Amino acid sequence: MRPFRQHSINCLWLIVLALVGQTHAQQPFIQKQASCPGGVITTMDQDNFGIILAGTRRGLYQFDGMGWEKIQLDTLDWGEVSVVKKDPSSVFWIGTGSGRLFYREEGEWKEEIPGDYVIESAITGLEFDGDSSMWISTYGAGIFLKQGDKITNLRGEQGIPDDQVYQIALDPKGRLWAATDAGLVCCFWNENNLLTKTYTNKDGLPDIITFAVSASPDGTIYTAGFEGGVSAYNADNERFTPLIPNWELGSVRAIVAQGDGRIYAGTESHGVCRIFNNHLSSFEPSERVTALLIDQEQNLWAAARGGDLYRAFTPIEILDIVKTRAQAIAASDNDLLWIGGTEGLYSFNPANNQFAKISFPFDMHIISLLKVGDTLWIGTFGEGLFLWNMQTKALVKIHTENGLPDNNVLSINLDKQGIWLATLGGVALVDRKTTMITSFKEVEGLPQSYIYQVLPDRRGGAWVATDGKGLFFLNKTKAIKSEELGDKTIYSVYQASNNDIWAATEDGELYKQGVEQFTKMETGSAAPFTGIEGDQNGNVFAIGKTACNWYQPSGGLALSFSEYHGLGPLERNLNASTIDQQGRIWVAAGEQILCVWPLKKKQRLAPSIQLKRVNILLESIGERDPLKLAYNENHLSFEYLSSWFQAPEAVTYRHRLVGYNMDWVQSLNTEAIYPKLTPGNYSFEVQAGVNGDFRHSETDSFNFKIHLPWWREPWFISAALISLGLLVWFILDVREKRLKKIAELEQEKITFQLETLRQQINPHFLFNSLNTLLDMVEEGHQKEAVIYIERLSDLFRNVLTHRHQTLISLSEEIALAKDFYQLQKHRFGAKLKISIDVPDTDYFVPPLTTQLLVENAIKHNEASRSMPLMIELFIENEEKLIVRNNLQERRTPASSTGTGLHNIKSRYKVLTSEVVEIIKDDSFFTVKVPLLKEHDAAL
Amino acid sequence: MRNRITILLGIISLGLFASWVHPDGEELPGTFITRTGNIALISEAPLEIIQANSPKLYGIVDLINKKFAFSVHVTSFEGFKSSLQRDHFREKFLESGRFPKATFQGKLITSELFNKPGTYAVRAKGTLDIHGVKKERIVNGTINLTREGIILDAALKIPLIDHDITIPTIVNQKIAKEIQITIQADMKKEKKKKP
């Protein structure tokens with residue numbers, strides 16, 4: 001059934017004629033994808049990132065969809081790789097032709113030495129039962145069972161009838177099946193005892209030479225061998241039954257079960273065969289197939305001669321038909337399809353691709369079909385409706401004369417009330433038994449329009465898709481318009497198994513109504529959709545012009561089939577799809593018929609992504625801790641790879657560096673570079689999507705940290721601040737102390753000056769001096785008197801000169817002291833004796849120190865002619881100036897301010913660390929004054 | 001004296017052993033040997049048919065342990081249309097200088113006990129060594145067991161590519177990519193040496 005606008009039927013015909021000329025290139029089921037440089041692949045498996053590992057005579061190779069890479073060990077050549085197998089924890093194992101075992105742990109291959117046995121035969125199979133048990137089959141040494149560190153060799157006596165084991169398979173019940181020349185051996189546990197049973201011809205096997213064995217996820221065991229093809233194990237009677245009797249395709253070397261009933265067999269000389277529902281079909285390459293694999297994307301891989309690797313995308317199959325242009329399709333109970341087209345009705349057996357035309361006395365241009373019980377309801381273009389009983393071959397025609405609103409029946413649907421027809425003249429309901437017709441021409445709210453589809457709702461009522469008038473819900477007597485869809489032309493309306501209503505419009509939109517109103521769905525490039533179908537899990541399949549989309553029950557777009565999968569522009573046949581008992585959706589699209597297999601839960605929906613290499617300053621990061629990068633290791637690049645075998649050209653990437661920029665950057669490159677990163681915590685994230693769609697993408701990430709330079713680390717900054725603080729404090733403290741010292745010194749100086757002045761103008765001193773002077777004048781020693789006066793004036797002048805100085809040279813000081821002595825000499829005469837023995841040195845002392853000490857001595861001691869006061873000044877050890885007098889203290893102590901000695905001590909304390917020593921013993925009073933160098937007085 | 005006793009004992013024990021192995025001479029299975037088996041090859045190429053055969057097939061078949069071995073000298077093939085053809089066969093294709101012999105040895109895949117005369121269909125699985133390249137093959141054949149011995153018939157097809165035998169493009173049309181081999185051998189029971 002073909003879409004049209006509100007045009008005349010003639011116009012419709014023009015479209016039909018225009019499309020007749022279109023042809024579609026035949027899409028081969030299986031295509032050569034690559035050729036392994038290592039030669040014939042005998043074993044292969046896929047890792048979690050989609051990379052295929054292939055074992056050949058020349059070693060191990062990996063294939064990422066783009067190219068091959070040989071995996072080599074630095075230390076040795078492992079020769080022929082005869083088994084590649086992934087264990088339950090995704091660790092890869094390989095067995096070699098020389099009986100060695102290797103496994104890959106964190107990217108490194110290591111050799112496994114299985115206990116006490118040296119396996120000298122080629123390893124042909126590896127199976128893993130949980131984490132601890134491993135089965136190893138060999139070609140020549142039977143089977144080994146490794147449980148922890150214990151290894152057992154099963155052969156001969158243990159019931160393995162042949163040491164040459166071709167293949168093994170572990171079924172979900174933990175039984176190991178081994179293909180040998182003497183039949184299929186089953187090893188199973190019976191209360192900790194390992195038993196074996198060999199299945200041979202007696203158990204239904206067509207040939208005791210069994211080459212291949214495979215355990216389907218559902219537990220079915222398939223085996224095949226030299227002759228007789230593939231057999232399946234029936235657990236009820238413990239027998240094998242050949243799936244295809246009279247097998248003519250020779251030896252089978254590999255079997256793989258898809259889990260949906262499809263079994264693929266790799267044959268010795270007839271390529272890949274598919275067995276489904278006991279039907280056999282054979283595909284290219286028509287040569288020896290050595291290994292088979294179904295990957296996470298549901299691609300079937302077949303390894304053939306010369307290392308060639310063939311791929312077939314299995315979720316969708318495209319069948320080319322030339323007999324008719326199919327416009328309607330209906331599935332039958334017995335795997336037969338009914339196909340209606342421009343030339344009439346055909347039966348089609350997809351198992352053997354057989355077409356058979358059903359002859360009718362009428363020409364029928366069929367645009368809709370529905371099978372109800374034994375009756376096939378046939379909607380035609382212009383000829384009304386036909387009811388054909390498939391058993392009795394009776395044909396009934398229903399026409400406008402029988403009450404049909406119009407003779408163009410675009411869709412036929414069934415519910416309890418009867419058969420709903422969409423015609424170019426409106427909606428009609430036909431009673432299944434009586435074929436009584438109820439026309440819905442005059443229903444309130446339902447406009448006059450061409451009707452494209454009438455979909456009975458399982459909850460009651462029916463949805464009516466109109467041409468240019470929108471979507472209506474017909475409820476007995478009233479039609480309610482779905483306002484969200486406005487006046488659009490509705491091509492198709494579908495009720496999913498979860499009762500959601502899906503509607504496709506002519507302008508390329510797809511709507512879903514969950515609980516309340518219709519919301520728009522993502523369509524990608526597939527729109528406009530001309531039909532919607534779905535499975536019992538609520539997944540919905542929308543058939544578009546250029547692509548078909550699988551939607552998840554939530555409405556999310558799961559998988560899109562497009563030109564990459566061999567889909568050309570499809571003929572726009574409205575609602576020309578059906579679902580068969582196996583859950584396969586069939587689409588009639590002119591010269592092609594699409595077969596869509598049920599969407600698998602484990603189907604990979606987006607390309608894998610894997611960071612392959614991280615570089616710092618263009619060098620691989622290697623073993624380095626990425627959280628410990630130095631501040632100048634700030635140029636990072638990331639190399640990643642993905643696999644998406646079904647459409648490698650459609651893969652796009654996006655990446656971001658969390659910590660740098662949260663926005664995703666899309667690109668086609670498989671490398672991202674970040675130069676000049678500032679210190680900080682980062683996380684690189686990368687995803688791979690299909691044509692910019694990242695909804696199902698996985699993320700691979702890499703965390704790293706660039707550290708601050710040491711001088712910007714917080715600990716360093718705080719330490720530096722603390723030290724600086726301490727330094728400032730210290731400087732201030734020193735300065736403070738020095739200022740204090742200066743102040744003290746100043747104070748001392750003033751006090752000293754005061755004291756000295758006070759001493760000099762001491763009334764006693766003056767009185768004594770003046771008395772002495774008077775004596776001189778009276779006795780007529782005029783000259784002496786003048787000298788005395790001069791000396792007195794000199795003394796006063798010197799005192800006044802030096803009192804502001806901190807230090808004076810020792811010689812000056814001694815000169816002062818001499819002056820003072822001369823003055824005193826006049827007064828005391830022989831009562832006072834002073835000896836000065838101070839050489840001329842460059843030492844310094846605080847000024848007037850000696851004078852003060854001499855004066856002190858005179859002041860506190862008696863002096864008489866018989867006991868003269870002896871004062872000595874001399875230098876001790878070139879360190880100290882000693883002022884010593886013989887001790888003859890006055891009986892009446894002189895009035896003393898007591899400041900003299902104290903003042904000297906204080907002044908010295910400020911100037912130097914050396915102390916002024918005052919020693920008083922029985923006979924002497926000694927003061928030791930340290931001699932200073934000039935720089936000591938830097939203050 | 002001591003020597004004589006030893007010899008006597010030896011003779012007695014050998015006699016006993018022989019009579020145990022052959023209690024009444026009626027035991028059918030055993031080891032069969034031929035040195036004059038027939039092996040023929042036919043190559044049916046579009047332009048030329050090459051035929052040759054050798055009557056010097058050496059073979060041994062052990063029906064008890066179900067093992068066999070056959071061997072033939074490449075140079076023993078005769079009956080070519082021309083000596084040129086023969087020389088090509090020997091030197092160019094099979095390189096008889098480097099690989100003088102072709103052998104096939106392995107096991108018989110059958111559950112038969114061969115305890116009465118008759119014709120048995122058997123399959124022989126073994127390693128076929130031609131042109132220095134070993135390939136595992138399973139060959140269908142029949143064994144006609146009589147009191148006198150066995151007559152063995154077998155046929156197999158050998159793709160030349162399997163054994164790294166490359167044909168110059170120029171003679172592509174003259175040599176088939178697959179060569180058919182037929183074997184016919186009249187084999188006698190291995191004779192026991194007199195003690």
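Labels below follow one simple rule: chain letters A, B, ... track the order of the sequence lines, proteins then strands, and each chain is numbered from 1. As the structure is a computational prediction, the values presented were derived from the model and not from experiment.
- Between A:Trp68 and A:Tyr61, the angle of the ring planes goes over 60°, which puts this pair in the perpendicular group of the 30/60° scheme.
- Side-chain contact of A:Ser231 with A:Thr241: a donor-acceptor pair under 3.5 Å is absent, judged by distance alone.
- For the 3.5 Å distance criterion, the side chains of B:Lys125 and A:Gln164 qualify, holding a donor opposite an acceptor.
- Judged purely by atom type and a 3.5 angstrom limit, A:Ser82 uses its side chain to pair as donor or acceptor with the backbone of A:Ile123.
- There is no contact between A:Asn201 and chain B, counting heavy-atom distances below 4.5 Å.
- For residues 129-138 of chain B, heavy-atom neighbours of chain A at less than 4.5 Å comprise B:Glu136, B:Ile138, sorted by residue number.
- Between A:Tyr222 and A:Tyr233, the ring centre distance reaches or exceeds 6.0 Å.
- Under 3.5 Å, the side chains of A:Ser121 and A:Thr138 contain no donor-acceptor pair of N or O atoms.
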